[in-house]
Number of protein chains: 2
Amino acid sequence: MSDTARGTSRRYGTRPTMKDVAARAGVGLKTVSRVVNGEPGVTPDTERRVQEAITALGFRRNDSARILRKGRTASIGLVLEDLADPFYGPLNRAVEEVARSHGALLINGSSAEDPAREQELVLALCARRVDGLVIIPAADDHRYLAPEIAAGIATVFVDRPAGRIDADVVLSDSFGGAQDAVAHLIAHGHRRIGFIGDQPRIHTAHERLRGYRTAMVAAGLPVDESWVSLGPTAPERVRSAATTMLAGPQPVTALFAGNNRVTVTAVRVLADHPRPVALVGFDDFELADLVNPAITVVAQDAARLGRTAAQLLFRRLDGADDAPRRMEIPTRLIPRGSGEIPPAES
Amino acid sequence: MSDTARGTSRRYGTRPTMKDVAARAGVGLKTVSRVVNGEPGVTPDTERRVQEAITALGFRRNDSARILRKGRTASIGLVLEDLADPFYGPLNRAVEEVARSHGALLINGSSAEDPAREQELVLALCARRVDGLVIIPAADDHRYLAPEIAAGIATVFVDRPAGRIDADVVLSDSFGGAQDAVAHLIAHGHRRIGFIGDQPRIHTAHERLRGYRTAMVAAGLPVDESWVSLGPTAPERVRSAATTMLAGPQPVTALFAGNNRVTVTAVRVLADHPRPVALVGFDDFELADLVNPAITVVAQDAARLGRTAAQLLFRRLDGADDAPRRMEIPTRLIPRGSGEIPPAES
DNA sequence: CTGAAAGCGCTTACAG
DNA sequence: CTGAAAGCGCTTACAG
C-alpha cells in the first residue's frame, strides 16, 4: 500500500531505488541486486516477482552508486584540441570504438589549445575518477598529472608528447613525414621552399620544422629565415605569411604547409596567385583530390593513432606495468599534382 | 604516525579520502569538506592545517561520491551518428561549449545509425544518471525513453525528430532548403533533375525528398521515378545511382545531392562525366569553393543547431517545463558555380 | 536460496 | 567555529 503510494506520489525527478523494488516485491535488498545483476541463486518465482516490481516502478540501476562501491567507473576521458577539427574526427571515433569494445563510456572535452583549460578539464575528469585518459596535450608541462597517474589513472598522450613527465605516448612520424614532403619538392626541382607551420611550442610544428631543415641541409640547400613562419593557424596569419614568402625578387617556388588548417588557407592563397606554386600539405583531407590542382599531402593515419592510444590505455588498465612506451605511426606521401609542379621561371 | 604510514604504504590505485585528510589534520570530516568546498566558517589556522594535509596526501575530492549525494551529476550525454562525420564536428563543439559554460561534462557516443545501439547507449547514459541528453536519433521509436524523461532526465532531439514520443526537437529546415535547391536548378533551365538522398526512414532524407517534389510540382514539372534514389550513402551506392540517372536517352541534366556524403561522391562522378551536369548539395563543407566548378550548396548551421539544442536542454534543467518545442533553423543557399551550370543540349 | 549489516566517499541536517 | 550521525544507492562479506 505505502509502496504504491510512494510509487505514484513520487515527484518528478525522484527515481525508485533497489530498496523500493525490494519493498514492493517483498524481498531483501540483496535479492534485488542479484536479479538486476543476473547473479545466480534466485528461484524463478522470486526472480519473477522482482522483475515485476522493477517493471512496475520503472527501476533502472543507478550506475553512479554502483561505481562508487566497485571502484572502477568504466569511463575514460579524451581531451583534444577542438572537437570540430576534422583531423580529430577519425581519432575520436577510433578511441570511442575501443572504449565501447571494453564496455567503457567516453567523456570528451576540448582544450582549445589552452594549457590552463587542459589542466582544468583533465583534473575534472580525474575528480570524476575516470579509469583512464587519452590526451592530445595543449600544455607542455604535465607534472600536475603525476599524483593522478600514481593514484592509478592510466594516461596515454597522443599526437604530441607529454611534457616533463614520463608517460605513454603515441605519435605520428612528423619528422620523417616532413622530410619526405620537402625531399619530394626538392626532387621536383625546387630550391626555395617555404614552410608555414603551427606555433613553435607545439611539438608537431617543431618536428616538422626540423624535418624541413634536415631535408634542405641533406640536399645542400640554404634556408633563408624569411622562408620559415611558425604561428597560429588562423587564416589571416597564414595568408599574410604566404603572401610575404611569395613576394619580392626571390620568392619561394614551393610551399610546405604544416597542417590541414594551414593547407586550406594556402590553397586559397595560391588559387589567386599569378604564378603556379607547388604545395605539399601535412594531413590529408576530404576532396584533396578534387581541387585543381589536386593536393599532394603527407597523410597521417588519425584513426590508427587513436586506436593505438586507446588500446595501449586498456592494456594498462588490464595491469600492464612495463615502462612507458613511445610509439610512432608512419606517415604516407600521396602525390596528387600540387606537389609535382615544377618551379616557375623567375 | 599511522597517518603517515597509511600515506606512504598506500598501494597503487588507492587514493586518500576526506577521512584521511581529517585524521592527518586532526580535524573532523565536515571541516575538511568545508575547506575543500570553500564554505565559510573555518578559522584561517584550521584551514591551513587542512590544506597542508590535502597537499601532503595528494587528496582530490571524489566527485562520483559527491554526485551520489547531491543528486545532479553535472554531465550530459550527446548521442550522434558518427563522431568522425565532419558535419557533426561543429555541432559537437557547440554542445560542449554550452555544457562547459554550465559546468557540465560531456559524454559522447555514436549510434552508427543503428537503433539498437542508440538505445543501448542512451540507457547506459541514463543509468549513469546524466542530467540531460542531446540525441541525434537513429531510431524512429523512442518510447523506451519515456520513463527516463518522466524521471527527470531532460532530453532534446536534434537534426531529426523523436519517434512516437513528445519531446523537444531542434531541426534544420530540410524541406525549405531542398525546395530552394531545386527551385534554383529550375531557374537555371533544368527540367530533368535527379535526387540522391539518404535512407528513406531518416527524417531529413524524407523531408528533402518532399522539398524536391514540391519544387518540381510548383514549376509544373513531372518527376520520373528513375530520377529519385534513396538509400545508404556509401560511395558505391551513390555512384551507381548517379551513373544510372546520367545514362540513357533522357538523362538528368542536374543533380540534387541529399547530404554531404552524397555530394562528395557526386562530385567525383561528375568530374569523370563527359557532359557538364549541374549540382547542388545539401550541407556545406570545407573547400567547396575550391573544387572546379565550385560547389553550390544549401548550408546548414550545424553549430547553431547544437547550440540551440544544448541551450534548450539547460533551460529545461533550470526548471522550464512548458510544452515540448519544435524549433527550426533556417538553411542558406550558397551559389558557387556548380548549381548555375545550364542544361547540356541533348 | 535469502537477507541484514557494513561500507564506498562524500553531503545534509543538526547539535554543540 | 566545529563535528558526530545519518544517508545518497548501490555492493561486499557474511551469516543463516
Side-chain angles (χ1 to χ4, degrees), chain A residues 6 10-11 13-50 53-54 57-74 124 126-131 151-152, chain B residues 6 10-11 13-50 53-54 57-74 124 126-131 151-152:
Chain A
R6 192 182 191 296
R10 220 165 52 227
R11 64 177 172 72
T14 301
R15 307 192 61 140
T17 69
M18 281 193 182
K19 201 171 156 193
D20 299 321
V21 174
R24 187 179 175 110
V27 300
L29 188 57
K30 178 61 197 169
T31 299
V32 177
S33 176
R34 285 197 181 90
V35 171
V36 168
N37 295 300
E39 288 168 25
V42 182
T43 54
D45 184 58
T46 307
E47 171 157 10
R48 192 180 39 69
R49 269 169 39 228
V50 171
I54 287 173
L57 295 174
F59 169 78
R60 181 172 311 285
R61 183 183 65 200
N62 183 333
D63 280 352
S64 290
R66 170 171 226 248
I67 278 162
L68 176 61
R69 192 60 240 243
K70 299 213 83 150
R72 280 217 172 167
T73 59
C126 290
R128 296 296 182 104
R129 298 293 190 266
V130 292
D131 296 329
Chain B
R6 193 185 188 294
R10 219 163 56 228
R11 63 176 175 69
T14 300
R15 307 193 61 140
T17 68
M18 281 193 182
K19 203 173 153 192
D20 299 322
V21 174
R24 185 178 177 111
V27 300
L29 188 57
K30 178 60 198 171
T31 299
V32 176
S33 176
R34 285 199 181 90
V35 172
V36 168
N37 295 301
E39 288 167 26
V42 182
T43 53
D45 183 58
T46 308
E47 171 156 10
R48 193 180 38 70
R49 269 164 46 226
V50 171
I54 287 173
L57 295 173
F59 169 79
R60 180 172 311 285
R61 184 182 64 199
N62 183 333
D63 280 352
S64 289
R66 170 169 227 248
I67 277 162
L68 176 60
R69 192 59 239 245
K70 298 215 85 150
R72 280 217 173 166
T73 59
C126 291
R128 295 295 182 104
R129 298 293 189 267
V130 290
D131 297 329

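Labels below follow one simple rule: chain letters A, B, ... track the order of the sequence lines, proteins then strands, and each chain is numbered from 1.
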- Message: As an exercise, state the distance from CZ of B:Arg129 to OG1 of B:Thr73, rounded to the nearest 0.5 Å.
- Response: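 That separation rounds to 10.0 Å.
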- Item | Residue whose nearest DNA chain D nucleotide is more 5′ - A:Ser33 or B:Thr46 |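 On the 5' side of the pair lies B:Thr46.
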- Please determine if a side-chain N or O atom of A:Thr31 lies less than 4.0 Å away from the OP1 or OP2 oxygen of C:dC1.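 No, because none of the side-chain N or O atoms of A:Thr31 sits under 4.0 Å from OP1 or OP2 of C:dC1.
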- Task: Take atom CZ of A:Phe59 and atom C1' of D:dC10, then tell me their distance rounded to the nearest Å.
- Result: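 The distance from CZ of A:Phe59 to C1' of D:dC10 comes to 8 Å, rounded to the nearest Å.
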- Would you kindly give the CD-to-C1' distance between B:Glu39 and C:dT11, to the nearest whole Å? 9 Å
- SB check A:Asp45 A:Arg49 (cutoff 4.0 Å): yes
- Task: Write down the distance between NZ (B:Lys30) and C1' (C:dA15), rounded to a whole number of angstrom.
- Result: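 It works out to 14 Å between those atoms.
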- Item | Atom pair CG (B:Asn62) and CG (A:Leu68), whose distance is rounded to the nearest 0.5 Å |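 Taking CG in B:Asn62 and CG in A:Leu68, the distance rounds to 6.5 Å.
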- From A:Ile54 CD1 over to A:Met18 CE, what is the distance, rounded to the nearest 0.5 angstrom?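 Interatomic distance, A:Ile54 CD1 to A:Met18 CE, rounded to 0.5 Å: 7.5 Å.
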- Task: Take atom CE of B:Met18 and atom P of C:dT12, then tell me their distance rounded to the nearest Å.
- Result: 11 Å
- Evaluate the criterion side chain to side chain contact (heavy atoms under 4.5 Å, CB included) for residue pair B:Arg24 and B:Val21; output intermediate values, then yes/no. CA-CA 5 Å; B:Arg24 185 178 177 111; B:Val21 174; 5.9 Å; no
- Counting side-chain heavy atoms from C-beta on, which of C:dC10, D:dT12, D:dG3 comes nearest to A:Arg129? C:dC10
- Query: To the nearest Å, how far apart are B:Leu57 CG and C:dG9 P?
  - Reply: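 Rounded to whole Å, this separation is 14 Å.
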- Would you indicate what B:Arg34 reaches in the nucleic acid, counting non-hydrogen atoms under 4.0 angstrom: base, sugar-phosphate, or nothing? base
- Item | Nearest-Å distance for atom pair CG/C1', residues B:Leu29 and C:dT11 | 9 Å
- Spacing of B:Leu57 atom CG and B:Thr17 atom OG1 [to the nearest 0.5 Å]: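 It comes to 9.0 Å.
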- Check the distance between D:dC10's P and A:Lys19's NZ and give it to me in whole angstrom.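 In whole Å, D:dC10 P lies 11 Å from A:Lys19 NZ.
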- Note on the structure: CZ (B:Arg66) and OG (A:Ser64) are apart, to the nearest 0.5 Å, by 14.0 Å
- Query: Counting only side-chain N and O atoms of B:Thr43, is one of them less than 4.0 Å from OP1 or OP2 of D:dT2?
  - Reply: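 Yes, such a contact exists.
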- Message: Using whole Å, what does the distance between atom P of nucleotide C:dC1 and atom CZ of A:Arg48 come to?
- Response: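 The answer, rounded to whole Å, is 16 Å.
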- Using Watson-Crick and G-U wobble pairs with both distances under 3.5 Å, what is the 5'-to-3' dot-bracket string of DNA chain C, with [ ] for crossing pairs and | for pairs outside the strand? |||.||||||||.|||
- Message: Test side chain to side chain contact (heavy atoms under 4.5 Å, CB included) on B:Arg34 and B:Val50; report intermediate values, then the result.
- Response: CA-CA 10 Å; B:Arg34 285 199 181 90; B:Val50 171; over 6 Å; no
- Spacing of A:Arg61 atom CZ and A:Arg15 atom CZ [to the nearest 0.5 Å]: 12.5 Å
- Using a heavy-atom distance cut-off of less than 4.0 Å, which residues of residues 62-70 of chain A contact DNA chain D?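 Listed by number, they are A:Asn62, A:Ala65, A:Arg66, A:Leu68, A:Arg69, A:Lys70.
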